Number of protein chains: 2
Amino acid sequence: MVYKTSEVPADIEIPEEISGLRMTRQRQEVYRTLMQERNHPTANDVFMRVKDRLPNISLATVYNCLEALVQHGIIRQVNFERESSRYCPNLSEHGHFHDETTGVIHDIDFKPGVHLADLLNLPPGAVIEDVEITLRGKLLTA
Amino acid sequence: MVYKTSEVPADIEIPEEISGLRMTRQRQEVYRTLMQERNHPTANDVFMRVKDRLPNISLATVYNCLEALVQHGIIRQVNFERESSRYCPNLSEHGHFHDETTGVIHDIDFKPGVHLADLLNLPPGAVIEDVEITLRGKLLTA
DNA sequence: CCAATATCAAGAATTATTCCAATTATTATT
DNA sequence: AATAATAATTGGAATAATTCTTGATATTGG
Ligand SMILES: [Mn+2]
Ligand SMILES: [Mn+2]
Ligand SMILES: [Zn+2]
Ligand SMILES: [Zn+2]
């Protein structure tokens with residue numbers, strides 16, 4: 001079943017349209033889940049959570065919504081090795097540290113004033129559209 | 001058919017054992033291919049090339065060999081988004097720039113003296129075991 | 001209201017990679 | 001050298017994340 005966008009509950013503060021993307025009920029709930037659970041969930045994680053609110057949503061729709069949100073620059077897709085893609089609503093430039101002990105993924109910011117592209121020997125004429133920084137290691141709690 | 005390691009042709013300069021890994025004929029040919037074709041081939045690319053020399057090699061073996069070489073730090077596995085894994089024999093610390101126009105992947109070095117981990121706000125206690133830097137964009141030739 | 005377009009749902013299809021079982025090769029032991 | 005134990009290879013089956021397809025439903029604009 002497709003939910004009418006006009007039946008959106010009152011407690012949502014997500015606009016009806018973001019940068020040209022129609023915010024359907026499904027897209028809103030997918031986006032809300034990412035905003036509430038900032039632990040870089042997979043499509044399936046999102047699917048399970050969104051089902052609490054939209055019991056009839058399909059996994060394909062979650063994938064469609066995530067892709068639409070990524071395409072419009074509202075969220076970011078994050079990949080570790082060959083694992084399932086994860087999704088992140090943090091739009092500030094940041095990298096990801098994957099703690100192998102706990103599985104937790106930490107957002108990593110640059111120190112102030114650092115611009116990665118300045119530190120690389122890029123080939124002349126290179127126009128960078130996207131940068132991904134991935135760190136793998138352990139977080140010692142001792 | 002399994003090739004006897006003793007029947008290795010004379011023009012190979014790869015040692016019989018590298019850091020504890022038995023260099024079988026299959027592993028030698030996989031490694032040789034990576035050294036000769038520095039364009040970050042996929043497992044299937046390697047498979048097709050190696051078949052010229054070992055017509056009976058299987059794709060599973062190519063995957064096995066690549067994994068063994070990666071595990072022993074002899075080559076690196078490189079991932080772009082959700083595409084097939086690619087493999088790189090360049091062991092110096094470097095990143096990868098994926099030119100979307102041509103599909104070519106360029107090795108990217110840091111400018112001298114740059115150490116990425118120094119520029120990031122890592123959580124206290126983080127021990128980094130691996131860093132991956134991936135750039136996507138276009139190489140203007142004009 | 002109507003037509004055109006967009007979105008959704010369910011399940012099938014795709015595909016890179018891994019797994020499995022049988023065979024062959026290598027190494028260690030007698 | 002023969003034998004036993006271990007490791008590697010092969011071909012095909014299995015896996016699993018993602019994408020595709022198709023029919024239904026919703027939205028938009030006239
Ligand atoms: Mn639940
Ligand atoms: Mn060929
Ligand atoms: Zn993030
Ligand atoms: Zn490389």
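As the structure is a computational prediction, the values presented were derived from the model and not from experiment. By convention in this document, chain letters (A, B, ...) are assigned in the order of the sequence lines, proteins followed by strands, and residues within each chain are numbered from 1.
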Practice prompt. For B:R82 and for B:V62, locate the closest nucleotide of DNA chain D by heavy-atom distance; then report the residue assigned to the nucleotide nearer the 5' terminus.
Written response: B:V62
Worksheet item: Does any non-hydrogen side-chain atom of A:E132 lie less than 4.5 Å from one of B:R136?
Response: no
Item to complete: Return the value, rounded to whole Å, for the distance between atom CG of A:N56 and atom P of C:dG11.
Response: 12 Å
Worksheet item: Among D:dT9, C:dT27, C:dC19, which is the nearest nucleotide to the side chain of B:T24?
Response: D:dT9
Discussion item. Whole angstroms only, please: what is the CD1-P distance between A:I57 and C:dG11?
Written reply: 16 Å
Worksheet item: Separation of B:E83 atom CD from C:dT14 atom C1', in whole Å?
Response: 16 Å
Discussion item. For B:E100, is the CD atom crowded, meaning more than 12 foreign heavy atoms sit under 6.0 Å from it?
Written reply: yes
Practice prompt. Look at the rings of B:H98 and B:F80 and say which category their plane angle falls in: under 30° parallel, 30 to 60° tilted, over 60° perpendicular.
Written response: tilted
Discussion item. Base, sugar-phosphate or nothing for A:S85? Non-hydrogen atoms, less than 4.0 Å.
Written reply: sugar-phosphate
Discussion item. Let's see if you can work this out: which of D:dA7, D:dT18, C:dC8 has an atom nearest to the side-chain heavy atoms of B:R22?
Written reply: D:dA7
Worksheet item: How close do B:R82 and A:S85 get, heavy atom to heavy atom, and via which atoms?
Response: NE-OG, 3.1 Å
Worksheet entry | Rounded distance in Å - CZ (B:R27) to C1' (C:dA25) | 12 Å
Discussion item. On the nucleotide C:dA9, are OP1 or OP2 found under 4.0 Å from the side-chain N or O atoms that A:T61 carries?
Written reply: yes
Fill in: Selected nucleotide, minimal atom distance to B:A60 side chain, candidates C:dA10, C:dA16, D:dG12
D:dG12
Item to complete: Report which part of the nucleic acid A:N44 touches: base, sugar-phosphate, or nothing (heavy-atom distance under 4.0 Å, all strands).
Response: nothing
Fill in: Between C:dT27 (P) and B:L21 (CG): distance, integer Å
12 Å
Practice prompt. State, to 0.1 Å, how close B:L69 and B:R27 come at their nearest heavy-atom pair, and which atoms those are.
Written response: CD1-O, 4.3 Å
Worksheet item: Which whole-number value in Å describes the distance from B:L54 CG to C:dT24 P?
Response: 17 Å
Worksheet item: Between C:dC8, C:dG11, D:dT10, which nucleotide gets closest to the side-chain atoms of A:C65?
Response: C:dC8
Worksheet item: Taking OP1 and OP2 of C:dA9, is either one under 4.0 Å from a side-chain nitrogen or oxygen of A:Q26?
Response: yes
Practice prompt. Mind calculating the distance between CZ (A:F47) and C1' (D:dT18) to the nearest angstrom?
Written response: 14 Å
Discussion item. Once you apply a heavy-atom cut-off of 4.0 Å, does B:S84 come out as touching a base, just sugar-phosphate, or nothing?
Written reply: sugar-phosphate
Worksheet entry | Interatomic distance, B:Q77 CD vs C:dA16 P [rounded to whole Å] | 14 Å
Worksheet, complete the sentence: Taking for B:N64 and for B:R86 the nucleotide of DNA chain C with the nearest heavy atom, the one nearer the 5' end belongs to B:R86
